[in-house]
Amino acid sequence: MYAQMVKTDGARVRSLDEMDPVERAFQERIDAGQKIEPKEWMPEGYRKTLVRQISQHAHSEIVGQLPEGNWITRAPTLERKAILLAKVQDEAGHGLYLYCAAETLGVSRDEMYEQLHSGKAKYSSIFNYPTLSWADIGAVGWLVDGAAIMNQVPLQRCSYGPYARALVRICKEESFHQRQGFDILMNMVKGTPAQKALVQDALNRWWWPSLMMFGPSDDASVHSAQSMAWKIKQNSNDELRQKFVDQTVPQAEYLGLTVPDPDLKWNEEKGGYDFGEPDWSEFFAVIAGNGPCNAERLDARKKAWNDGEWFRDGLVAHAEKARSRRQASRIAAE
Amino acid sequence: MSSEWPLWEVFIRGQHGLNHRHVGSLHAPDAEMAVNNARDVYTRRNEGVSIWVVRSSDITASTPSEKGPLFEPSNSKVYRHPTFFDVPEEVGHM
């Protein structure tokens, strides 16, 4: 999940009877499946939670460009390079759709950037792992984008209109990302034993962090229950993780790979796989800023933002100059 | 601190013969850059044949809380819909 552990502020989910008439009317609209649009009344908690969730999601798309950007200049063929460029460009686009959706809630993009750069806002833990070989680019597309799709498809039905619509656009494009990753791996496993070993190594390193993307079990979480009541979350983390494992294990088998989980076993009764528990201490360490690449990712983001300042300012200066020139010529003509 | 680029609303004509439709928004320093950015952000897969950009601050919107009084006048005029009138079957297509 690109937004992990989003807080909601409330201590518990209140029933309709406990709400004042305005809030109750709002909740009833959500229960009836109506979309909430910008400028309409909404509880402050709903607004704040959405800003957190959408901005975390947007930051994840933007930071997510970095591990892949590492391989644009190292792609094995010109075609792979063009495809990877297009994919990374999509991630930038996804970030922009999402920032705009968040902006309809009264927070500016520059404010959100500031929160990302100061470390106040989070992004998905997954992007704090390094991409060590070309097989990692395949694994990221297959697993990371695969997990993202699992999470984003139900979010298209989210109660907040601008977020839901951004996700419709995102989901349309995301399938390309997963397939290009799988395609890289299909090619590599048909190659030399050394190439196949690279793929297995990539799976070994990305499997657990991918499962962590869905966040820790939230069946007992107040935040999660509130988000579900507001329909800005549709499924529990465990539900989505289970779906992801069930979908992905046969794909790993197709590639001739071994999933690095000794507890992985088909459970006929539940019609899904049983699997081991990710190392949540690692997850919390990464979220807290202590993953292998946290510092590197944030530094790269800040550098890009700071180095681009003169250019952004230049464009603003140009726009202002052009505007005053137009104004002057209009006055002269009158 | 530099000034933030203004926000633009983007409208795309998907195909010849269709209306421009709102697809989202973006930031750009001026209209020309807004069109350039809109091409990259919203038409990476041939989604459009024409782009309009409008500064968000130039859009006047109706107020959601006045939705009732604003649209009420048309609610009561059901006869504006052709299905309000019964046409006998013998009359045929009308």
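If you're wondering where the values come from, they're calculated on a predicted model, not measured in any experiment. Every chain is numbered from 1, with letters handed out A, B, ... down the list of sequences.
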Over 12 non-hydrogen atoms of neighbours within 6.0 angstrom of [atom1] in [X]:
{"X": "A:Arg47", "atom1": "CZ", "answer": "yes"}
{"X": "A:Glu79", "atom1": "CD", "answer": "no"}
{"X": "A:Phe311", "atom1": "CZ", "answer": "no"}
{"X": "B:Gln15", "atom1": "CD", "answer": "no"}
{"X": "A:Lys303", "atom1": "NZ", "answer": "no"}
{"X": "B:Asn19", "atom1": "CG", "answer": "no"}
{"X": "A:Lys302", "atom1": "NZ", "answer": "yes"}
{"X": "A:Arg29", "atom1": "CZ", "answer": "yes"}

What part of [X] lies closer than 4.5 angstrom to a heavy atom of chain B: side chain, backbone, both or neither?
{"X": "A:Glu320", "result": "neither"}
{"X": "A:Arg323", "result": "side chain"}
{"X": "A:Thr104", "result": "neither"}
{"X": "A:Phe176", "result": "side chain"}
{"X": "A:Glu103", "result": "side chain"}

Quiz item: Where is the tightest heavy-atom contact between A:Cys100 and B:Ser25, given as atom of each residue plus distance?
Solution: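 Looks like SG-O, 2.9 Å.
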Quiz item: Taking all non-hydrogen atoms of both residues, which atom of B:Pro29 and which atom of A:Leu315 are closest, and how far apart?
Solution: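 That closest heavy-atom pairing would be CG-CB, 3.5 Å.
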Self-check item: Any donor-acceptor N/O pair, A:Tyr97 side chain to B:Val41 backbone, under 3.5 Å
Solution: yes
Quiz item: Under a 4.5 Å heavy-atom cut-off, does chain A meet the side chain of B:Glu47, its backbone, both or neither?
Solution: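 For B:Glu47, the side chain is the part near chain A, not the backbone.
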Quiz item: With a 4.5 Å limit on heavy-atom distance, are the side chains of A:Arg169 and B:Val23 in contact?
Solution: yes
Practice problem: Find the distance between CD (A:Gln89) and CG (B:Asp40) and round it off to the nearest 0.5 Å. | Solution: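 Between atom CD of A:Gln89 and atom CG of B:Asp40 there are 6.0 Å.
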Exercise. Answer yes when A:Asp90 and B:Arg45 have at least one side-chain N-carboxylate O distance shorter than 4.0 Å, and no when they do not.
Key: yes
Quiz item: Between A:His318, A:Arg109, A:Lys39, which shows the greatest number of heavy-atom pairs under 4.5 Å with chain B?
Solution: A:Arg109
